[in-house]
Every structure is written in C-alpha cells, then in structure tokens.
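Let me begin by presenting the structure, written as structure tokens, before commenting on it.
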Amino acid sequence: ASYLSSYFVNMTLGLDYHFKIYSYDSSHLHKVVLKCGSYSKTWDRVKGGVQTTFTVPKEWANAMPNATSLNGTWTLTTYQSNYSTKVGSNDVETTKFNVPATMKPTVNVNTSEAIEGIAEQFGAYVQGRSKIKVDITANGIYGSTIKKYNTTVNGVTYTSNSFTTGTLKESGFKSCSTTVTDSRGKTQSDSNEYTVLAYTKPKITNFSVARCLEDGTENDEGTFVKVISKATIDEVKERNTKAFKLSYKLTNEENWTDIDITGDEYILEDERILEGFDINNTYNFKIEATDFFETQ
C-alpha cells in the first residue's frame with residue numbers, strides 16, 4: 001500500500017496544506033479522505049507522486065461549536081489501476097483540527113439617552129440627570145453561540161445584553177466597554193465613547209425682603225418693599241433653559257402674584273422696589289429659579 005508524505009498532527013481551519021502520495025507501483029490509484037466531524041474532503045483517483053494543495057474550510061468549525069479543537073482522521077486507500085481492487089488495507093491517521101485565533105464572535109454596542117427630552121435639549125448626556133440605555137448585538141461564528149456579556153459603564157459592570165444604567169455620576173469623556181464570550185471561550189470587545197456635560201442644580205444665593213420708603217430706605221412702617229434676589233442656573237454649554245420668578249401674596253390668601261425677572265444671563269442679580277403693601281397686612285415672598293430639570 002502507498003503512504004502519504006506527511007500526516008499533519010495539527011491543522012488550523014482556513015490555512016493551506018499540501019500532501020504527496022508515495023506509491024510502490026506507478027499504476028496504483030488512491031482515495032484520500034480528510035474527515036472532521038460530519039464534514040469531509042475527498043480526493044479520488046489520485047496518482048502517486050502528485051502534490052496536492054488544499055485549504056481547510058473554515059466552515060468545519062461548525063463541527064465544534066463548543067470547543068476550539070476536534071480530532072479528525074486522514075484515510076488513504078490504495079487501489080489497483082482499475083480503481084476497484086484494494087491493495088492492502090486503509091491507512092488511517094488521527095489529526096487535530098484547530099479553530100484559528102482570529103475566529104471570534106462579533107459584537108456591537110449601541111448607547112442612547114434613557115431619559116426623555118435630554119438628548120434633544122443638550123445633545124449629550126448630563127451629569128446627575130442622564131441614564132444610558134445600552135443595547136448589545138453579538139453573534140457567534142461558525143456554530144458558536146454567545147454565552148457571556150460583560151459591560152462596564154458608569155463605574156458598574158453589567159452582564160446582560162440590554163440594560164439601563166443608573167444616573168451618571170461624573171462629567172467628562174467616558175466610554176462604555178463590552179466584552180462577549182462565545183461557546184468556544186473566544187472573546188471579542190467593542191466600546192462606545194460618550195460625553196457627559198457637567199451640571200449643578202439651580203441655586204438661590206441671596207434673597208432678602210424689607211419694608212421701605214419710596215426711595216428704598218428701610219422702614220418698618222413703609223408701604224413699599226425692597227426685594228434683593230440673587231440666583232444662578234448652570235448654563236450647561238448654553239443649552240439649559242432658564243427662568244427666574246419673584247412672587248408675593250397676602251399671608252392669609254392662596255393666590256400668588258408673579259413677576260418674571262428672567263434676563264439674558266444665567267446669573268440673576270436683581271434689586272427692585274415694589275409698592276402697594278398695606279402696613280396693616282402681612283405678606284409672603286418667594287423667589288424661584290427654574291431650569292430644564294427643576295425649580296429651586
């Protein structure tokens with residue numbers, strides 16, 4: 001019986017290999033079968049001395065969806081020239097098929113604002129307000145399946161393919177990094193970078209109310225009121241909304257009288273004298289600073 005020039009102990013899917021049959025009789029013909037699980041490659045009526053080059057198909061990885069290697073066989077059968085009569089017995093050798101390191105799963109990470117209205121207003125995530133909706137698309141390759149998700153975002157690690165983070169704690173340039181692992185233990189990673197704008201709540205920095213005379217001189221018997229208001233709203237790259245409002249009412253009534261004191265700036269420094277406050281009545285005053293998110 002003839003024999004192969006070389007049996008490959010290890011073969012990597014996708015790579016090229018070659019063999020030559022050495023025959024004791026130039027009239028002999030040969031059948032070579034390379035088998036991997038349910039897959040096989042057959043060469044018929046091969047003459048001795050002919051070198052054959054071939055590529056191990058990557059598709060053969062489907063035979064090992066949960067492993068990186070699988071034992072297969074080479075089988076060489078020698079026939080007489082009529083290709084019907086065997087010469088001796090089959091020559092069978094074991095070979096190991098290996099999944100290449102490059103055969104990894106695919107993964108894509110998509111991030112979006114989870115809180116309605118923020119993306120449209122600010123065009124970015126906002127510190128202390130935004131949450132990120134994370135959706136991961138991942139697929140195995142040649143029969144493998146995705147077994148594990150590992151995503152780190154906002155300082156927390158998540159293990160599902162779809163989730164919403166907690167409120168974003170820090171501002172700056174950040175990233176959402178995901179690694180998936182398939183049933184062969186192969187990993188693939190992807191990341192999505194994003195920006196979180198710094199934000200602080202509206203703040204009242206000074207608010208004072210005192211009865212006074214018409215010229216502003218403080219006087220407990222005055223029917224005028226001097227109101228000094230100072231407040232700030234975070235401009236958030238000039239994308240935040242702003243509104244400042246001064247209100248007053250008789251203490252024993254429910255309805256407020258509102259005065260819009262919003263200006264062009266995000267910083268309020270307002271001083272005004274209001275008239276018509278009967279000395280026999282008591283009044284309540286309040287100042288409000290309102291941005292896109294809340295009122296203080």
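The figures that follow rest on heavy atoms only: side chains count, while hydrogens, waters and symmetry mates do not.
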Main-chain N/O of Thr68 paired with Arg184 side-chain donor or acceptor, under 3.5 Å = no
Thr73 side chain to Val92 main-chain N or O, any donor-acceptor pair under 3.5 Å?
-> no
Say you draw a straight line from CD1 of Ile287 to CG of Asn206; how long is it, rounded to the nearest 0.5 Å?
-> 10.5 Å
Is there side-chain contact between Thr295 and Pro202, with at least one heavy-atom pair below 4.5 Å?
-> no
Flag yes if more than 12 heavy atoms outside Ile267 fall under 6.0 Å of its CD1 atom; otherwise flag no.
-> no
NZ of Lys147 to OG of Ser183: how many Å apart, nearest 0.5 Å?
-> 6.0 Å
Separation between CD of Glu271 and NZ of Lys230, rounded to the nearest 0.5 Å | 9.0 Å
Taking atom types as modelled, is there a side-chain donor on Asn240 or Tyr199 under 3.5 Å from an acceptor on the other?
-> no
Which value, rounded to the nearest 0.5 Å, describes the distance between Ser144 atom OG and Met64 atom CE?
-> 12.0 Å
Any side-chain heavy-atom pair from Leu4 and Ile21 closer than 4.5 angstrom?
-> yes
Minimum side-chain heavy-atom gap Ile141-Gln188 below 4.5 Å = no
Thr217 and Lys226 side chains, donor-acceptor separation under 3.5 Å = no
Could you tell me whether Glu294 atom CD has more than 12 heavy atoms of other residues or ligands within 6.0 Å of it?
-> yes
Find out whether Lys286 and Asn284 are in side-chain contact, i.e. whether some heavy atom of one side chain is under 4.5 Å from a heavy atom of the other.
-> no
Do other residues, nucleotides or ligands put more than 12 heavy atoms under 6.0 Å from Asp220 CG?
-> no
Donor-acceptor under 3.5 Å (Thr95 side chain, Phe8 main chain) | yes
In this structure, are over 12 heavy atoms from other groups packed under 6.0 Å from Glu265 atom CD?
-> no
Remaining members of the apolar cluster that contains Tyr22, side-chain heavy atoms under 4.5 Å = Tyr3, Tyr24
Cluster link Ile204 to Phe285, ILVMFWY, side chain under 4.5 Å = yes
Could you tell me whether the side chains of Thr282 and Thr251 share a donor-acceptor contact shorter than 3.5 Å?
-> yes
Between Asp291 and Thr241, is any side-chain donor less than 3.5 angstrom from a side-chain acceptor?
-> no
Using only heavy-atom distances, determine whether the side chains of Asn98 and Thr12 contain a donor-acceptor pair under 3.5 Å.
-> no
Give the C-alpha distance, both sets of side-chain angles, the deciding distance and a yes or no for side chain to side chain donor-acceptor pair (under 3.5 Å) between Ser162 and Lys133.
-> CA-CA 8 Å; Ser162 182; Lys133 179 72 170 64; 2.9 Å; yes
Quick one: does Val126's side chain get under 4.5 Å of Phe292's, heavy atoms only?
-> no
Decide yes or no for Leu274 and Ile259: does some side-chain heavy atom of the first lie under 4.5 Å from some side-chain heavy atom of the second?
-> yes
Taking the side chain from Lys148 and the backbone from Thr181, do they hold a donor-acceptor pair closer than 3.5 Å?
-> no
Separation of Glu269 CD from Ile228 CD1 (nearest 0.5 Å) | 11.0 Å
Using a 4.5 Å cut-off on heavy atoms from C-beta on, say whether the side chain of Leu246 contacts that of Arg272.
-> yes
Can you tell me if Lys104 uses its side chain to pair, donor with acceptor, with the backbone of Thr106 under 3.5 Å?
-> no
Does any non-hydrogen side-chain atom of Tyr79 lie less than 4.5 Å from one of Thr85?
-> no
In Trp60, Trp74, Tyr142, the residue satisfying ring-ring contact (aromatic ring centres under 6.0 Å, His included) with Phe97 is Trp60
Once you round to the nearest 0.5 Å, how far does CH2 of Trp256 lie from OH of Tyr248?
-> 11.5 Å
Please name all residues satisfying side-chain contact (heavy atoms from CB on, under 4.5 Å) with Asn154, sequence neighbours left out, ordered by chain then number.
-> Leu168, Lys169
